[in-house]
Structures are given as C-alpha cells and as structure tokens.
Amino acid sequence: MNLKDGSTLVADLTTTGRKSGMPRAVELRFLFFNGNFYATSTRVQGKHWCQNMIKNSAVEITVKGEKLSCTAKQVSDEALRKQVLTLRDTPPRLERAVFEITPNK
C-alpha cells in the first residue's frame, strides 16, 4: 500500500468488543502520518470503538481491501496530538481525542 504522508482516507477499523469479545467494525476517517494511522473522536466516553481500543489495543484496519493488523493507543503527547489535529482539519478541532494506530511489522 502506498499512502502519501499527511493524506486522509476512509477505512474500516475493527476492534474487539470490550464486553462481548466479538469483532466490531466501524468506518472512520483516518490521517496517515509518519507511517501510522490516526483516528480522532469528539469524546472517548460513549464511543464504543474508543473504549474497545483502550481495553484491547489489537485492532485491524481495512484499507482498499487490504487488512492490516495494528496496535492502537491513545495519544498523550500534547504536541503530537495538536500536530495530528492540525493536519486533519482546517481549522483544527483541538478538543478531540486522538488515537495512534501502528501497523504491526
């Protein structure tokens, strides 16, 4: 897969349900930056995909039919969080939570 750094794309994120243990898929807009995918959310509470990633960091992204096994974590570095949000939206929506999703090698 050949993605341009800083590009946005729509793809499916599959998490493991924190209560059910079953696969849960959601279509999201991602930013591809420095080899990682970034997803953002207006909040973490009440967003099942966010809570599922916090409970189980093993996720899968399906991009253009290609499935990538990945590891997810919430971004706590404030500078990176702001950089991702600035690249993603104009004007940036700096109140959003950011999750970094790293493809497994």
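Numbers here simply count residues along the sequence, with the first being 1. All values below come from the heavy atoms of this structure, side chains included, with hydrogens, waters and symmetry mates left out. Values in this document were obtained by computation on a predicted structure and should not be read as measured data.
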Original post:
Among K47, R18, R24, which residue meets the side chain to side chain donor-acceptor pair (under 3.5 Å) test with N52?
Top reply: R18
Subject >> With sequence neighbours excluded, residues passing ring-ring contact (aromatic ring centres under 6.0 Å, His included) with F30 >> reply: none
**OP:** To the nearest 0.5 Å, tell me how far L85 CG sits from L80 CG.
**Re:** 9.0 Å
Subject >> CD on Q51 to CD on Q45, rounded to 0.5 Å >> reply: 5.0 Å
Subject >> Co-membership, hydrophobic cluster, residues F99 and V75, 4.5 Å side-chain >> reply: no
Original post:
Side chains of F33 and D5: closer than 4.5 Å at any heavy-atom pair?
Top reply: yes
**OP:** Flag yes if L9 and W49 sit in one hydrophobic cluster, no otherwise; membership is Ile, Leu, Val, Met, Phe, Trp, Tyr, and two members link when side-chain heavy atoms are under 4.5 Å apart.
**Re:** yes
Original post:
NZ of K67: more than 12 outside heavy atoms within 6.0 angstrom?
Top reply: no
Original post:
Does the side chain of T71 pick up a donor-acceptor pair with the side chain of N104 at under 3.5 Å?
Top reply: yes
Subject >> Full working for side-chain contact (heavy atoms from CB on, under 4.5 Å) between D77 and Q83 >> reply: CA-CA 10 Å; D77 179 282; Q83 185 176 22; over 6 Å; no
Subject >> 4.5 Å side-chain heavy-atom contact, F37 and L3 >> reply: yes
Original post:
How far apart are the closest heavy atoms of T16 and G21, and which atoms are they?
Top reply: CG2-O, 3.5 Å
Original post:
For the atom pair OG1 (T86) and CZ (R81), what is the distance rounded to the nearest 0.5 Å?
Top reply: 9.5 Å
**OP:** Measure the shortest side-chain to side-chain distance between R93 and T40 over non-hydrogen atoms and say whether it is less than 4.5 angstrom.
**Re:** no
Subject >> Linked, directly or transitively: L28 and V84 (ILVMFWY side chains, under 4.5 Å) >> reply: no
Original post:
Side chains of N34 and E100: does their closest heavy-atom pair fall under 4.5 Å?
Top reply: no
